[in-house]
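Data first, discussion second: the structure below is written as C-alpha cells.
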Amino acid sequence: MTFTTTQNSGSVIIRVGGLTPEFLSQKVAECQAGACHCNCDPAMMEKIEAIDIQGSDDGSVMTIKGALSAEEVEKNFAACTQGW
C-alpha cells in the first residue's frame with residue numbers, strides 16, 4: 001500500500017494505492033464507531049466533518065472534509081494503516 005496526501009480548501013485528499021474503497025470504508029466505519037486499533041489522534045478525528053471514498057485506477061481516493069492539514073492527516077493515516 002502506498003499513499004499521498006494533498007491539501008485543498010476545506011479538505012485533504014488521500015490517494016491510496018492497492019486498497020479498495022470497500023476495504024477503506026470498513027476501516028473508516030470501525031474508527032468512527034471507536035472499534036478500531038489505530039494509533040491516530042482522537043482530537044484529529046473530531047475535526048473531520050465528512051469522508052468520501054471513491055475508486056481509482058490503482059486503488060482509492062479519500063476526500064476528508066474538515067479543519068485539517070495534509071500533514072496531520074498523513075501522520076495519522078500512516079499510524080492507522082500499520083499492519084494492514
Side-chain angles (χ1 to χ4, degrees):
M1 180 208 65
T2 60
F3 72 93
T4 59
T5 57
T6 306
Q7 183 79 50
N8 283 346
S9 178
S11 68
V12 175
I13 296 174
I14 306 175
R15 297 186 184 284
V16 185
L19 296 179
T20 65
E22 295 80 16
F23 178 83
L24 288 173
S25 294
Q26 175 187 347
K27 293 297 187 181
V28 167
E30 290 172 3
C31 282
Q32 290 173 328
C36 66
H37 301 289
C38 298
N39 292 321
C40 62
D41 181 3
M44 186 206 72
M45 296 299 289
E46 291 177 9
K47 297 179 189 178
I48 296 173
E49 297 171 10
I51 299 175
D52 179 62
I53 304 170
Q54 300 293 321
S56 70
D57 290 340
D58 64 343
S60 303
V61 177
M62 298 176 65
T63 302
I64 303 173
K65 295 180 182 177
L68 303 156
S69 71
E71 292 80 17
E72 91 183 297
V73 170
E74 184 172 331
K75 176 184 171 187
N76 282 278
F77 190 74
C80 286
T81 59
Q82 289 182 355
W84 284 4

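Throughout, numbering of the chain's residues begins at 1 and tracks the sequence. Values reported hereafter were calculated over all heavy atoms of this structure, with side chains retained and with hydrogens, waters and symmetry mates removed.
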### Pairs involving residues 42-80, ordered by first then second residue, that meet ring-ring contact (aromatic ring centres under 6.0 Å, His included) (sequence neighbours left out)
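Pairs touching residues 42-80 that pass the test: Phe3-Phe77.
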When rounded to the nearest 0.5 angstrom, what distance separates [atom1] in [X] from [atom2] in [Y]?
X: Leu68; Y: Glu46; atom1: CG; atom2: CD; value: 11.5 Å
X: Gln32; Y: Ile48; atom1: CD; atom2: CD1; value: 7.5 Å
X: Gln82; Y: Met1; atom1: CD; atom2: CE; value: 9.5 Å
X: Gln26; Y: Cys31; atom1: CD; atom2: SG; value: 11.0 Å
X: Ile53; Y: Ile64; atom1: CD1; atom2: CD1; value: 8.0 Å

### Query
Closest approach of Ser56 and Ser60, non-hydrogen atoms and distance?
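So the minimum-distance heavy-atom pair works out to OG-N, 3.3 Å.
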### Task
Would you name the heavy atoms of Pro21 and Gly59 that are closest together and state the gap between them?
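Closest pair (atom of Pro21, atom of Gly59, distance): CD-O, 4.2 Å.
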### ILVMFWY cluster, Val61 and Phe23 together (side-chain gap under 4.5 Å)
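Looking at the clustering, Phe23 is in a separate group from Val61.
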### Query
Does Thr5 have any side chain to side chain donor-acceptor pair (under 3.5 Å) partners at least two apart in sequence or in another chain, and if so, which?
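Scan of Thr5 (side chain to side chain donor-acceptor pair (under 3.5 Å), adjacent residues dropped) gives Glu74.
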### Message
Test: salt bridge (Lys or Arg N to Asp or Glu O under 4.0 Å). Region: residues 47-73. Which pairs qualify, not counting sequence neighbours?
### Response
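Counting only pairs at least two positions apart or across chains, the salt bridge (Lys or Arg N to Asp or Glu O under 4.0 Å) contacts touching residues 47-73 are Lys47-Glu72.
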### Query
Among pairs that include at least one residue of residues 18-32, which meet salt bridge (Lys or Arg N to Asp or Glu O under 4.0 Å), considering only residues two or more places apart or in two chains?
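The answer is Lys27-Glu30.
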### Query
Per the side-chain contact (heavy atoms from CB on, under 4.5 Å) rule, which among Ile13, Val12, Leu19, Val28 passes with Met62?
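Per the side-chain contact (heavy atoms from CB on, under 4.5 Å) rule, the option paired with Met62 is Val28, out of Ile13, Val12, Leu19, Val28.
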